[in-house]
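Take a look at the structure set out below.
Ligands are counted one by one from 1 in listed order, and the atoms in each one are counted from 1 as well. On a predicted model such as this, the values are computed, not experimentally measured, just so you know.
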Amino acid sequence: MGSEDVYNAIIHKVDRSGTGDVRKKMRILSGMRSTGRLHLGNYITLEKWKELQDAGNDCFYFVADWHALTSHKESVSDFELWTLEIVKTYLSCGLDPNRTVIFVQSAIKEHAELFLLLSNLVSVSRLQRMPTYKEQKDEMSDRDLSSAGFMLYPVLQAADVLMYRAQGVPIGEDQVYHIELTREIARRFNTVFDEVFPEPEPILSKFPKLPGTDGRKMSKSYDNFILVENDANSLWKKLAPMVTDPARKRRNDPGDPEKCPVWDYHKAFTIEQDQQNWVVDGCKQALIGCLDCKRLLFDNLEKRLNPVWERMSSYRECNDTVRKTIEEGNEKARLSAQETMKMVKSAMSTRW
Ligand code: TRP
Ligand code: SF4
């Protein structure tokens, strides 16, 4: 099954027997690292998370603060604040703590325990050959990624997923290797010991990764991202100077949307086909200016984000309420984690 099919299977469980909609609940899990406030790329992911929640699945969404440690140890004192802000964004984007378990990785110590056990089921050379391992080392050459912790990053991720016996993991393209490794580890565990873990499927986003406002990869070090929590004013300040197709120096120069990061944002945020056509034709035939094009994007983004902004500001003075929500989520996650750890230990015939 391709990831699109898996996604459709999860979103629309079709009842082939004809007795009505028998939406079977799937266990879904995903997380974001606490390396800062969330941007529009994260927002698209959150829409997907919400869609899976609203389709009636059994969702676990968390903040991966131990994962953030691998590359951002010097900022660890900010993690608590960032985690709080990230959970506020989760809630503002419509994740509902009454239906979905929202929690923080470091609060569930079982993740560390399972991580330790699973690390015995994977070879060092397999980890060193992970494409993400090499890529990140090259990309983040300004950071010290020589630690064993960084090499073991995907094993911790496997522990996150397997801890909740997740069947579906919504992720970006770049994380597919990690889910592949998670499946291998699950198979390994199930054969060496006893059948405990389902093999999780990646659920990929339909949209390609959003580029930064300068057309390069979105990155903290380039300051080229748009935060979800921006208001209309700062949103326009980010959009107006955005890089466009360099061929369109003047308004009468025709351009190619495929060479323009603004178009990538339209693909994600401009839903109406008519409007998309207006952009493509207008750009190629030089009928519109780049500012007109950005203005449309701005309008669509503003419409989409307005309710999120409203909720974000209503949480501004509510740190204690949000902390309580996190506590309650942690409690639910912990129960589920403890249940898995019991199964794990019984499969391994240990009394730890
Ligand atoms: N590695 C993921 C990322 O960088 C974050 C993550 C940690 C995660 N644990 C996870 C995602 C478990 C899905 C499932 O985006
Ligand atoms: Fe980019 Fe739009 Fe300008 Fe075309 S018209 S180059 S898509 S901003």
Side-chain angles (χ1 to χ4, degrees), residues 27-36 38 41-42 45-46 48-49 59-72 86 103-106 108 111 114-115 130 132-133 135-136 140 150 152-164 166-179 181-182 200-205 209 211 213 215 239-267 270 275-298:
R27 174 61 65 84
I28 302 290
L29 175 130
S30 197
M32 288 184 191
R33 305 192 315 144
S34 57
T35 52
L38 300 185
N42 301 126
T45 307
L46 287 175
K48 177 76 154 242
W49 288 11
C59 299
F60 283 66
Y61 295 132
F62 71 104
V63 179
D65 51 352
W66 278 342
H67 272 114
L69 201 55
T70 55
S71 55
H72 288 67
I86 290 170
F103 69 99
V104 177
Q105 185 185 37
S106 62
I108 318 296
H111 285 237
L114 185 58
F115 161 67
M130 291 294 288
T132 43
Y133 181 68
E135 268 164 32
Q136 300 241 20
M140 299 203 268
F150 179 67
L152 287 160
Y153 182 111
V155 183
L156 181 57
Q157 183 161 352
D160 299 337
V161 174
L162 299 180
M163 182 65 85
Y164 302 93
Q167 296 151 301
V169 188
I171 38 153
E173 202 71 71
D174 58 325
Q175 296 289 311
V176 168
Y177 301 108
H178 291 171
I179 304 307
L181 183 78
T182 305
E201 298 275 357
I203 304 171
L204 286 178
S205 165
K209 221 177 177 138
T213 49
L239 290 185
M242 234 178 118
V243 165
T244 60
D245 176 2
R248 294 209 69 187
K249 283 196 192 62
R250 273 172 244 95
R251 200 182 183 290
N252 326 345
D253 297 330
D256 178 359
E258 295 305 334
K259 294 186 182 139
C260 175
V262 178
W263 174 236
D264 287 306
Y265 281 69
H266 272 298
K267 280 191 268 195
T270 297
Q275 293 189 341
Q276 286 211 2
N277 294 344
W278 180 82
V279 171
V280 174
D281 298 343
C283 180
K284 287 187 173 163
Q285 298 165 37
L287 301 170
I288 58 170
C290 288
L291 269 182
D292 306 325
C293 183
K294 290 170 176 174
R295 177 54 74 174
L296 175 68
L297 175 62
F298 172 81

Using a 4.0 Å heavy-atom cut-off, say whether C290 meets ligand 2 through its side chain, its backbone, both or neither. both
Within reach of ligand 2, part of D245 (heavy-atom separation under 4.0 Å): both
Decide whether the shortest distance between a heavy atom of K294 and an atom of ligand 2 is less than 4.0 Å. no
Minimum-distance protein heavy atom relative to [atom]:
| atom | answer |
| --- | --- |
| atom 2 (C) of ligand 1 | Q175 OE1, 3.3 Å |
| atom 1 (N) of ligand 1 | Y153 OH, 2.7 Å |
| atom 7 (C) of ligand 1 | H67 ND1, 3.2 Å |
| atom 5 (C) of ligand 1 | G31 O, 3.5 Å |
| atom 5 (S) of ligand 2 | R248 NH1, 3.1 Å |
| atom 8 (C) of ligand 1 | Q157 NE2, 3.5 Å |
| atom 1 (Fe) of ligand 2 | C260 SG, 2.3 Å |

Could you see which bit of [X] sits under 4.0 Å from ligand 1, with heavy atoms only: side chain, backbone, both or neither?
| X | result |
| --- | --- |
| Y61 | neither |
| R33 | side chain |
| V161 | side chain |

Minimum heavy-atom distance [X]-[Y], with the two atoms named:
| X | Y | value |
| --- | --- | --- |
| L297 | V262 | CD2-CG1, 4.0 Å |
| T213 | M242 | O-CG, 3.3 Å |
| Q276 | T270 | NE2-O, 2.8 Å |
| R33 | I86 | O-CD1, 3.8 Å |
| L296 | H266 | CD2-CE1, 3.9 Å |
| Y265 | P211 | OH-O, 2.7 Å |

Note: heavy atom closest to atom 4 (Fe) of ligand 2, options P246, G289, C283, P261, belongs to C283
Among C293, G255, P257, closest by heavy atom to atom 2 (Fe) of ligand 2 is C293
I'd like to check which ligand 1 atoms, numbered from 1 as shown, lie under 4.0 Å from a non-hydrogen atom of [X].
| X | result |
| --- | --- |
| V169 | 13 (C), 14 (C) |
| L29 | 12 (C), 14 (C) |
| A64 | 7 (C) |

E258 and K267 ion-paired at < 4.0 Å: yes
Charged N-O contact under 4.0 Å between R250 and D253: yes
Using a 4.0 Å cut-off to any heavy atom of T244, which atoms of ligand 2 qualify? 6 (S), 8 (S)
Considering both backbone and side-chain atoms of D160, is one of its nitrogen or oxygen atoms within less than 3.5 Å of a nitrogen or oxygen in ligand 1? yes
Any nitrogen or oxygen of S30 lying under 3.5 Å from a nitrogen or oxygen in ligand 1? Just yes or no. no
Taken to the nearest 0.5 Å, the spacing of M163 CE from L156 CG works out to 9.5 Å
Could you tell me the separation between the CG atom of D292 and the SG atom of C283, rounded to the nearest 0.5 Å? 11.5 Å
How about Y133: does its OH atom have over 12 heavy atoms from other parts shown lying under 6.0 Å from it? yes
Can you label the angle between the Y61 ring and the W49 ring as parallel, tilted or perpendicular, going by 30° and 60°? parallel
Give me the ring orientation class for Y164 and H111: parallel if the planes are under 30° apart, tilted from 30 to 60°, perpendicular past 60°. tilted
